[in-house]
Amino acid sequence: MERILITSAIPYINGIKHLGNLVGSQLPSDVYARYMRARGHEVMHICATDAHGPPAEIAAQKAGKPVAAYCAEMWAVQKDLSDRFGLGFDHFGRSSSQRNHSLTQHFAGQLAAAGLIRAVSERQVYSPTDGRFLPDRYIEGTCPNCGYESARGDQCENCTKQLEPTELIDPRSAISGATDLEVRETTHLYLRQSAMAERLEHWIQTRTDWPILTTSIALKWLRDGDGLQDRGITRDLDWGIPVKKGTEPWPGMEGKVFYVWFDAPIEYIAATAEWADATGQDDAAWLRWWRTDRGAEDVRYVQFMGKDNVPFHTLSFPVTILGSGEPWKLVDYIKAFNYLTYQGGQFSTSQGRGVFMDQALEVQPADVWRWWLMANVPESSDSAFTWEAFQQGVNKDLSAVLGNFVSRVTKFCRARFGEVVPEGGAYGPAEAEASAAIDTRLRAYEAAMEAMEFRKAAGELRAIWVLGNEYLQTAAPWAVFKADPDRSAAILRFALNLIALYAAISAPFLPFTAQKLQTALNLETQRWPGTAADALAELAGGHSFQVPDNLFAKITDDERDAWQARFAGKRAEAGAA
RNA sequence: GGGCCUGUAGCUCAAUUGGUUAGAGCAGAGCGCUCAUAACGCUUUGGUUGGGGGUUCAAGUCCCUCCGGGCCUACCA
């Protein structure tokens with residue numbers, strides 16, 4: 001048995017996440033965590049909301065609520081959706097927790113003591129109307145290069161020229177439109193990533209089993225131009241973790257908070273501590289996952305994230321961990337995903353474009369989404385969501401192949417033998433052949449899951465479902481029944497055992513469906529199969545079951561067209577910044 | 001501008017370190033079955049691997065070039 005620590009990139013707080021967010025970290029991490037648990041490993045599966053930063057403040061302002069209240073509300077909404085999608089986190093935390101305050105301040109103190117933090121005085125744009133400093137992206141104006149009127153302070157979207165906010169003609173606040181902007185002097189702390197560059201590069205170079213998407217992004221940042229740059233880790237904001245050196249005040253940093261990307265990854269650790277608190281355990285319970293001097297030396301740590309998160313997880317967070325001088329657990333494997341595109345464009349929270357988690361569940365149950373998204377997860381390149389593909393994939397794989405198999409087996413059995421696993425007859429060559437075929441596929445499925453190759457794994461799982469229909473077609477219990485009812489009984493016994501096996505091995509992708517099958521078959525537990533031959537002999541004659549309702553309804557063309565129309569434009573109530 | 005990724009059948013994707021005749025699923029066509037959600041099974045059509053050039057006994061794979069798509073570029077997160 002191994003111990004596996006799994007973290008999903010933490011979704012930002014300012015609204016309900018879309019399917020692109022879901023498939024890029026939380027969903028694959030859940031499938032992986034469920035699989036590893038099913039295989040008997042000890043798993044700690046962590047997620048949280050990323051609560052700080054200007055977008056949260058602005059979203060709260062738009063909603064007319066204090067930011068802390070707004071975030072508490074949005075956390076509850078995200079937590080609820082997470083549950084309804086079956087995302088089985090051990091803890092779904094919040095980066096604004098007291099645990100994260102303490103840990104973030106602790107790390108900052110350690111880094112300062114190690115000489116890895118320096119103060120930098122810089123000039124930034126301040127908006128008196130908004131009462132805040134404005135990040136470059138929140139300043140709009142006319143591009144001095146091309147004359148585009150909505151250029152942002154960091155770059156003109158129209159001509160792609162990189163800009164300084166002070167270069168903009170007629171600059172204004174993107175938040176309020178205020179034009180009374182001024183430049184003010186302010187001091188910030190910088191994390192001396194440059195001092196750790198060699199150590200990081202050595203570390204990255206030795207991660208030979210990482211996907212190219214991950215290492216190439218990290219190496220680019222390490223080697224590009226003047227190499228890895230130091231990074232500001234504080235901001236002039238109210239909402240965030242106050243800058244402190246451990247528990248001590250930080251002279252000159254009064255009223256400032258840490259930058260979200262400094263405290264967000266630390267929340268992985270803090271959320272595990274929150275888990276210990278929530279379950280009434282002491283610090284040792286979470287330290288054994290995170291401190292190699294407190295029992296974490298045999299933990300394998302895997303992170304899931306979208307490609308946009310890679311620099312922070314390969315560079316800044318490791319600098320925080322390594323630079324602390326304390327034996328915190330460093331990530332062992334990073335699984336990064338590309339983007340899911342929506343009908344040819346991007347999913348967008350800010351533009352309300354695409355399908356959001358709450359809407360998705362109004363349209364189809366969680367397992368349907370889980371299946372399609374994971375079978376098409378953007379592993380090697382961006383992948384496309386279309387309603388046509390969704391309808392086809394779901395109807396074929398879930399309704400026709402898996403759902404219909406369960407339906408035909410249980411209903412035929414009920415008609416001929418009643419709702420009980422038939423006794424009589426014995427398994428013969430057909431069952432041996434089917435078992436062998438399933439074994440081969442099962443081993444391939446396991447290998448793909450171990451390697452986190454989810455598309456491949458979904459393909460193998462599907463192939464195992466198909467083998468059930470193939471077996472049934474060949475064995476034809478309906479034809480055999482009249483002349484040899486005992487033989488027919490054996491076939492159905494084998495087929496019912498197949499359903500039990502499907503429940504166990506499909507659970508990582510389809511947890512709700514697996515539960516339904518388990519209930520229908522009156523099974524106490526779902527045991528991961530060893531050999532197919534053994535697993536398929538477990539349900540003995542005389543065991544009762546109930547024919548379940550059809551597992552998956554087919555998506556009609558009318559439904560598909562209606563959804564396509566409904567989700568073609570902007571989300572009406574999109575309030576996110 | 002720079003960097004990285006990517007282009008394979010109508011669609012979505014596979015193809016050990018370069019190694020026989022480039023494979024699956026879906027969609028299409030034909031046949032079979034009648035237990036089942038008009039479902040299932042079997043067979044089958046379909047590719048000058050974006051264009052061009054090069055290296056090699058051998059190129060989807062390596063190199064050059066052109067064309068298309070995507071992402072990142074450090075103050076969005």
Side-chain angles (χ1 to χ4, degrees), chain A residues 9-14 21 50 52-56 58 122 124-125 133-139 152-155 160-162 164-165 174 188 193 212-213 215-217 219-221 223-225 228-232 235 259-261 264 306-312 315-316 338-339 341 344 346 349-350 375-376 378-384 386 388-389 392-393 395-401 403-416 453 455-456 458-459 462-463 466 468-479 481 488 491-492 495 549-554 577:
Chain A
I10 65 179
Y12 197 68
I13 191 73
N14 70 337
N21 297 127
D50 179 11
H52 300 133
I58 294 162
E122 54 194 21
Q124 289 195 349
V125 175
F133 282 92
L134 295 177
D136 293 354
R137 293 207 178 197
Y138 285 96
I139 302 159
R152 291 186 318 206
D154 57 341
Q155 186 174 35
T160 74
K161 184 178 168 58
Q162 304 219 7
E164 289 297 320
H188 283 297
Q193 301 189 135
I212 191 156
L213 179 66
T215 46
S216 65
I217 292 173
L219 290 175
K220 145 84 171 151
W221 281 57
R223 293 170 175 176
D224 191 45
L228 186 61
Q229 301 298 297
D230 295 343
R231 185 157 199 137
R235 293 289 184 273
Y259 173 45
V260 279
W261 264 117
K307 58 183 164 184
D308 53 333
N309 274 249
V310 169
F312 302 100
L315 305 168
S316 355
N338 287 283
Y339 291 147
T341 61
Q346 275 197 10
T349 303
S350 57
N376 297 278
E379 274 176 326
S380 55
S381 64
D382 291 356
S383 67
T386 64
E388 291 82 359
Q392 271 180 12
N395 284 355
K396 183 70 186 173
D397 297 347
L398 296 183
S399 300
V401 175
N404 184 49
F405 177 77
V406 172
S407 176
R408 64 197 297 207
V409 168
T410 54
K411 284 175 184 167
F412 181 73
C413 185
R414 178 175 62 187
R416 292 291 185 273
E453 293 175 13
R455 273 182 187 245
K456 203 178 197 176
R462 184 189 180 286
V466 167
N469 282 313
E470 240 173 75
Y471 163 77
L472 211 58
Q473 187 68 28
T474 312
W478 51 88
F481 183 75
S488 186
I491 293 167
L492 284 171
D549 293 337
N550 282 347
L551 296 177
F552 304 100
K554 291 199 118 186

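Sequence lines set the chain letters: A, B, ... in the order given, protein chains first and strands last, and positions in each chain run from 1. Computed from a predicted model, the values in this text were never measured in an experiment.
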Next on the checklist: Checking the side chain of A:Ser407 only, and the main-chain atoms of A:Gly403 only, is there a donor and an acceptor separated by less than 3.5 Å?
Outcome noted: no
Next on the checklist: I'd like the C1' distance from B:U55 over to B:G47, given in whole Å.
Outcome noted: 25 Å
Checklist entry - Who is the Watson-Crick or G-U wobble partner of B:A14, with both distances under 3.5 Å? => result none
Checklist entry - Taking a pair as Watson-Crick or G-U wobble with both distances under 3.5 Å, which nucleotide is matched to B:G1? => result B:U73
Checklist entry - When rounded to the nearest Å, what value does the distance between C1' atoms of B:U20 and B:A15 take? => result 14 Å
Checklist entry - Rounded to the nearest 0.5 Å, what separation is found between the CH2 atom of A:Trp261 and the CZ atom of A:Arg231? => result 9.0 Å
Checklist entry - In Å, rounded to the nearest 0.5 Å, how long is the span from CZ of A:Phe405 to OH of A:Tyr471? => result 8.5 Å
Checklist entry - Any side-chain donor paired with an acceptor under 3.5 Å for A:Lys554 and A:Asn395? => result no
Next on the checklist: I'd like to know if the side chain of A:Asn14 and the backbone of A:Ala56 have a donor-acceptor N/O pair within less than 3.5 Å.
Outcome noted: no
Next on the checklist: With a 3.5 Å distance limit and no angle check, can you tell me whether A:Asp136 reaches the backbone of A:Arg152 through a side-chain donor-acceptor pair?
Outcome noted: no
Item to check | Rounded C1' spacing from B:G2 to B:C13 in Å | outcome: 31 Å
Show the distances under 3.5 angstrom between N or O atoms of the protein and N or O atoms of nucleotides 6-12 of chain B.
none

Checklist entry - Got a donor-acceptor contact below 3.5 angstrom from the A:Asn338 side chain to the A:Glu379 backbone? => result yes
N/O-N/O pairs, protein side and nucleotides 34-39 of chain B side, under 3.5 Å:
{"unit_1": "B:C35", "atom_1": "O2'", "unit_2": "A:Arg408", "atom_2": "O", "d": "3.2"}
{"unit_1": "B:C35", "atom_1": "O2", "unit_2": "A:Arg408", "atom_2": "NE", "d": "3.0"}
{"unit_1": "B:C35", "atom_1": "N3", "unit_2": "A:Arg408", "atom_2": "NE", "d": "3.4"}
{"unit_1": "B:C35", "atom_1": "N3", "unit_2": "A:Arg408", "atom_2": "NH2", "d": "2.5"}
{"unit_1": "B:C35", "atom_1": "N4", "unit_2": "A:Arg408", "atom_2": "NH2", "d": "3.2"}
{"unit_1": "B:A36", "atom_1": "O3'", "unit_2": "A:Ser407", "atom_2": "OG", "d": "3.3"}
{"unit_1": "B:A36", "atom_1": "O2'", "unit_2": "A:Asn404", "atom_2": "OD1", "d": "2.4"}
{"unit_1": "B:A36", "atom_1": "O2'", "unit_2": "A:Ser407", "atom_2": "OG", "d": "3.2"}
{"unit_1": "B:A36", "atom_1": "N1", "unit_2": "A:Arg408", "atom_2": "NH2", "d": "3.4"}
{"unit_1": "B:A36", "atom_1": "N3", "unit_2": "A:Asn404", "atom_2": "ND2", "d": "3.3"}
{"unit_1": "B:A36", "atom_1": "N3", "unit_2": "A:Arg408", "atom_2": "NE", "d": "3.1"}
{"unit_1": "B:U37", "atom_1": "OP1", "unit_2": "A:Lys411", "atom_2": "NZ", "d": "2.8"}
{"unit_1": "B:U37", "atom_1": "O4'", "unit_2": "A:Asn550", "atom_2": "ND2", "d": "3.3"}
{"unit_1": "B:U37", "atom_1": "N3", "unit_2": "A:Phe552", "atom_2": "O", "d": "2.7"}
{"unit_1": "B:U37", "atom_1": "O4", "unit_2": "A:Phe552", "atom_2": "N", "d": "3.4"}
{"unit_1": "B:U37", "atom_1": "O4", "unit_2": "A:Phe552", "atom_2": "O", "d": "3.4"}
{"unit_1": "B:A39", "atom_1": "OP1", "unit_2": "A:Lys554", "atom_2": "NZ", "d": "3.0"}
{"unit_1": "B:A39", "atom_1": "O5'", "unit_2": "A:Lys554", "atom_2": "NZ", "d": "3.1"}
{"unit_1": "B:A39", "atom_1": "O2'", "unit_2": "A:Asn404", "atom_2": "OD1", "d": "3.4"}
{"unit_1": "B:A39", "atom_1": "O2'", "unit_2": "A:Asn404", "atom_2": "ND2", "d": "2.5"}

Checklist entry - To the nearest 0.5 Å, how far apart are CG in A:Leu492 and CG in A:Leu472? => result 7.5 Å
Item to check | Partner nucleotide of B:C40 by Watson-Crick or wobble geometry (both distances under 3.5 Å) | outcome: B:G32
Next on the checklist: With rounding to the closest Å, how many angstrom separate the P atoms on B:A24 and B:U43?
Outcome noted: 11 Å
Item to check | Parallel, tilted or perpendicular: rings of A:Phe481 and A:Phe412 (30°, 60°) | outcome: perpendicular
Checklist outcome for this item: Answer for the Watson-Crick or wobble partner of B:A59, both distances under 3.5 Å, is none
Item to check | Approximate separation, where rounding is to 0.5 Å, of A:Leu315 CG and A:Gln229 CD | outcome: 12.0 Å
Checklist entry - With rounding to whole Å, what would you report as the distance between B:C72 and B:G28 at their C1' atoms? => result 41 Å
Checklist entry - Whole Å only: how far is the NZ atom of A:Lys456 from the C1' atom of B:G23? => result 13 Å
Checklist entry - Say you pick atom C1' in B:A74 and the same atom in B:G19; how far apart are they, in whole Å? => result 44 Å
Next on the checklist: Give me the distance, rounded to whole Å, that separates B:G7 from B:C76 when you measure between the C1' atoms they each carry.
Outcome noted: 30 Å
Checklist entry - Is A:Val466 touching bases, backbone alone, or none of the nucleic acid, heavy atoms closer than 4.0 Å? => result sugar-phosphate
Item to check | A:Leu228 backbone acceptor or donor facing A:Gln193 side chain under 3.5 Å | outcome: no
Next on the checklist: Base contacts versus sugar-phosphate-only contacts with protein, heavy atoms under 4.0 Å: please encode nucleotides 72-77 of chain B as B, S and - from 5' to 3'.
Outcome noted: SSBBBB
Checklist entry - Under the 3.5 angstrom rule, does the side chain of A:Tyr138 hit a backbone N or O of A:Pro54 as a donor-acceptor pair? => result no
Checklist entry - Expressed in whole Å, how much space separates the P atoms belonging to B:C64 and B:U6? => result 15 Å
